[in-house]
Q: 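Would you mind keeping the following structure in view while I ask a few things?
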Amino acid sequence: MSGSGFFLSFEGADGSGKSTQAKRLAADLRAEGYDVVLTREPGGSTGAEEIRRLLVEGEPNRWSPKTEILLFTAARRDHIERTILPALAQGKIVISDRFADSTRVYQGAARAELRALVDTLHRLVIGRVPDLTLVIDIDAKTGLKRGLARNSGEDRFEELGAGFQQKLRDGYRRLLTDFPDRCIGIDGNGDEAAVAQRVRAALKGHLP
Ligand code: TYD
């Protein structure tokens, strides 16, 4: 852990249940007296939420893969400057629903050779890595069904289809082997309470 707070990210494909779990964990930790900032990507600060709309709405091929990576990275820079680092400096627990691993996995799934660009940009302009990352895994078909059922108008990535969802799942599995020190896989199948219990078990010994 670096800084005085604790930085936790949730990752997983669309419909994995990570947003539900992030919210639930934030509420539980607050009830236990922790000072928690719950945030999300893309977004999490005023400027980054504006960039979010450019990213999640509209045609699936609206941006070239490189432009898309730059937009995600610009949003993340604003998010980390305005929201994450100030909260960590105040000793808070920051829970982010997605962070840089989403760019590695999503943009890397679309075009494998772009993974290096993502990593280089991260090193140059973001720098900060979560203290712990929980990767929620669920089978690709269930995830896609859950995601599209929400009809949120933010389906640009879901609309890339089932093959893409499988690539995402593989990408997240690879993340667990690439960053074994900070990434823990969580079985996302079953009901919300059961998954929440797995989340708490994974956190044991990590929280300050
Ligand atoms: P998110 O709000 O987490 O969607 P959901 O609640 O459906 O999981 O993220 C919006 C979409 O943006 C999602 O399909 C994942 C995608 N995304 C990327 O492709 N790269 C990124 O770096 C991030 C943060 C998100």
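We count residues from 1, following the sequence as given. Remember, it's 1-based here, ligands and their atoms both numbered in the order they're listed.
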Q: Side chain or backbone of V56 under 4.0 Å from ligand 1, or both, or neither, by non-hydrogen atoms?
A: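 Side chain only.
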
Q: Which atoms of ligand 1 have any heavy atom of R76 under 4.0 Å away?
A: 22 (O), 24 (C)

Q: Do R169 and Y172 meet the cation-pi criteria used here (NZ or CZ under 6.0 Å from the six-membered ring centre, within 45° of the axis)?
A: no

Q: Looking at R128 and H122, what are the two nearest heavy atoms and their distance?
A: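 Closest heavy-atom pair between R128 and H122: O-NE2, 3.4 Å.
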
Q: Out of all atoms in ligand 1, which are within 4.0 Å of some heavy atom of R98? Include the element for each.
A: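 Near R98, meaning under 4.0 Å from one of its heavy atoms, ligand 1 has 1 (P), 3 (O), 8 (O), 9 (O), 13 (C), 15 (C), 24 (C), 25 (C).
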
Q: Kindly state whether the ring of F6 and the ring of Y34 have centres lying under 6.0 angstrom apart.
A: no

Q: Working note: F72 + Y106, criterion ring pair (Phe, Tyr, Trp, His ring centres under 6.0 Å); need CA distance, chi angles, decisive distance, verdict.
A: CA-CA 11 Å; F72 276 116; Y106 276 73; 8.1 Å; no

Q: Run down the list F10, Y106, F164, F72 and name the one with the heavy atom closest to atom 25 (C) of ligand 1.
A: F72

Q: Could you tell me if T103 and R76 have a donor-acceptor pair between their side chains, going purely by distance under 3.5 Å?
A: yes

Q: Provide the number and element of each atom of ligand 1 under 4.0 Å from a heavy atom of K18.
A: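 Close to K18: 3 (O), 8 (O).
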
Q: Tell me which one of R40, R52, Q107, R104 gets a heavy atom nearest to atom 2 (O) of ligand 1.
A: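 Comparing heavy atoms across R40, R52, Q107, R104, the nearest one to atom 2 (O) of ligand 1 lies in R52.
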
